[in-house]
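Quick notes on the structure that follows.
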Amino acid sequence: MKLEGVELRRIVMPLVAPFRTSFGTQTARDILLVRVRTDGAEGWGECAALGNPLYSAEYVDGAADVLRRFLIPAVAAVPDLTAQAVGRVLAPVKGHRMAKAALETAVLDAELRGLGQSFGSFLGAVTDRVPCGVSVGIMDSIPELLDTVGGYLDAGYLRIKLKIEPGWDIEPVRAVRERFGDTALQVDANCAYSVSDARHLARLDPFDLLLIEQPLDEDDVLGHAELARTVRTPICLDESITSARTAAAAIRLGACSVVNVKPARVGGYLEARRVHDVCAANGVPVWCGGMLETGIGRAANVALAALPNFTLPGDTSASDRYYATDLTPPFRLEDGHLAVPTGPGLGVLPDPGVLAEVTTAVAEAPLR
Ligand code: OSB
Ligand code: MG
């Protein structure tokens, strides 16, 4: 393929309810969409970076800047462009994995649309639907939490993830466990604890959680290994896993026994598949994380979640858990599952009317 144009578009998507985590509250997603035009098909990618650098170092204005100044010109200079080549030409640029992932995804979408092949088929999906969990934010009160969790269980979600932080951990977990019996339950701390909290976190052990996700700082891999020797609950890493190499190292060090695979966090779907493969080779189960994506990002995540070592339900929730109106035809929960799209590429496109309504800025990026 030859890259003929790249459109950078900003959209604002209000969330159906505020989503509170230990790193702040999201009430809307300010999202960067990348649309590539090639001499064949066009392709779409959604950048997962949030509005501020509080989940990871990336943020949406920074992603737009690095794409425009460095990533897009580098990719546009490749004569026989393939998605495979994107990672190679972008490797000299340090970090900025979410920005890289958005561009690589758009190129891969264009390539696969041209070939008539779906993301799922290309990545190696082994099922046509994936089991879904839901990530539940920090609430003002336990009754409010129980109402919210009850609603999600009524909708059919197969696993509940509670966001925790110091002061909102043992009691909410106890309340959900007592009210909802043997529901599959896990927690996510987004780095809110330190290794000196090990004995406190061990108080979660009696609740039979599937895992505790990223309790410590993203660069505290050894701390996670130490924690894993103190608590019985399996440790899962999110923020710390930035590549297949860091996944292999974390596993070798005993820092985690489960991995949250977020394609954006590791630089795209090709690296995400390598993370999956490294974990599979080490007997470490994975699940697909999320970044409150629209249907564009969700389509690719659901395809990835259909790979064989994704043995735990993901944060791949239905469109209506996030948005009153999604950018694409809505992903609907059926029997606790989402269907893997089967059409060429992502298998979905933004609805032009919705897209126009939510767009706040759109510009063609210079190719050189
Ligand atoms: O840590 O998994 C996380 C959302 C935004 C940023 C980080 C995280 C999350 C979630 C929700 O937990 C995932 C989703 O439902 O998309
Ligand atoms: Mg997480």
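Just so it is clear, the structure is predicted and the values come from calculations on it, not from any experiment. When a ligand or atom number is given, it counts from 1 through the structure's own listing order.
- Taking atom 16 (O) of ligand 1 as the reference point, the nearest protein heavy-atom neighbour is L292 N, 2.8 Å.
- Heavy-atom contacts of K161 reach the following atoms of ligand 1: 2 (O), 3 (C), 12 (O) (cutoff under 4.0 Å).
- The OD2 atom of D188, the Mg ion (ligand 2) and the OD2 atom of D238 define an angle of 180° (nearest 10 degrees).
- Of all protein heavy atoms, the one lying nearest to atom 13 (C) of ligand 1 is G290 O, 3.4 Å.
- For a threshold of 3.5 Å applied to N or O pairs, the pair formed by R321 and ligand 1 contains no separation below that value.
- Judged by distance alone, with hydrogens and angles left aside, the side-chain atoms of E46 form a donor-acceptor pair with the main-chain N or O of G297 at under 3.5 Å.
- A cation-pi contact links R273 to F122, judged by a cut-off of 6.0 Å to the six-membered ring centre and 45° from its axis.
- Annotation for ligand 1: atoms under 4.0 Å from non-hydrogen atoms of E213 are 2 (O).
- Between the CG atom of N190 and the CD atom of E239 there is a distance of 4.5 Å, given to the nearest 0.5 Å.
- Remark: ligand 1 and Y55 share no N or O pair separated by less than 3.5 Å (distance only, no angle test).
- Under a 3.5 Å cut-off, the side chain of E104 and the backbone N or O of G268 do not form any donor-acceptor pair.
- Within the structure, the closest approach of Q26 to ligand 1 does not fall below 4.0 Å when heavy atoms are considered.
- By the 3.5 Å distance cut-off applied to N or O atoms, K163 is counted among the residues near ligand 1.
- In this structure, Q214 has no heavy atom closer than 4.0 Å to ligand 1.
- The nearest heavy-atom contact from the protein to atom 6 (C) of ligand 1 is M291 SD, 3.5 Å.
- Checked by distance only, ligand 1 and D188 come closer than 3.5 Å through their nitrogen or oxygen atoms.
- I160 and W287 fall into different hydrophobic clusters, where Ile, Leu, Val, Met, Phe, Trp and Tyr are joined by side-chain heavy atoms under 4.5 Å apart, directly or via other members.
- The shortest side-chain heavy-atom distance between E165 and T21 does not fall under the 4.5 Å cut-off.
- A donor atom on one side chain and an acceptor atom on the other are not found under 3.5 Å apart for Y269 and D109.
- Using a 4.0 Å cut-off to heavy atoms of D238, the atoms of ligand 1 that qualify are 1 (O), 2 (O), 3 (C).
- When only non-hydrogen protein atoms are considered, atom 15 (O) of ligand 1 lies nearest to Y322 OH, 2.6 Å.
- Here N190 has side-chain heavy atoms under 4.0 Å from ligand 1, and that is the only part of it that gets that close.
- If you look at T21 next to ligand 1, there are no close heavy atoms at all, none under 4.0 Å.
- Put simply, the side chain of D197 gets close to the backbone of S194: a donor and an acceptor are under 3.5 Å apart.
- With respect to the Mg ion (ligand 2), E213 has OE2 as its nearest N, O or S atom.
- The protein non-hydrogen atom at the shortest distance from atom 4 (C) of ligand 1 is F19 CE2, 3.7 Å.
- Close approach to F23 involves these atoms of ligand 1, each under 4.0 Å from a residue heavy atom: 6 (C).
- Those atoms of ligand 1 that come under 4.0 Å of a heavy atom in S135, given as number and element, are 10 (C), 11 (C), 12 (O).
- Residue D315 is tested with K262, R321, R159, R298 for a salt bridge (charged side-chain N to carboxylate O under 4.0 Å, His left out); the sole match is R159.
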task: Step by step, work out the salt bridge (Lys or Arg N to Asp or Glu O under 4.0 Å) result for E271 and R274.
output: CA-CA 5 Å; E271 186 69 8; R274 291 188 282 269; 2.7 Å; yes
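- Atoms CH2 and CG, from W44 and L346 in turn, are 10.5 Å apart once rounded to the nearest 0.5 Å.
- Contact annotation for K262 and ligand 1: only side-chain heavy atoms (C-beta onward) come within less than 4.0 Å of the ligand.
- In this structure the side chain of I251 reaches within 4.5 angstrom of the side chain of C256, judged on heavy atoms.
- A distance-only check finds no donor-acceptor pair linking the side chain of H224 to the backbone of Q214 [under 3.5 Å].
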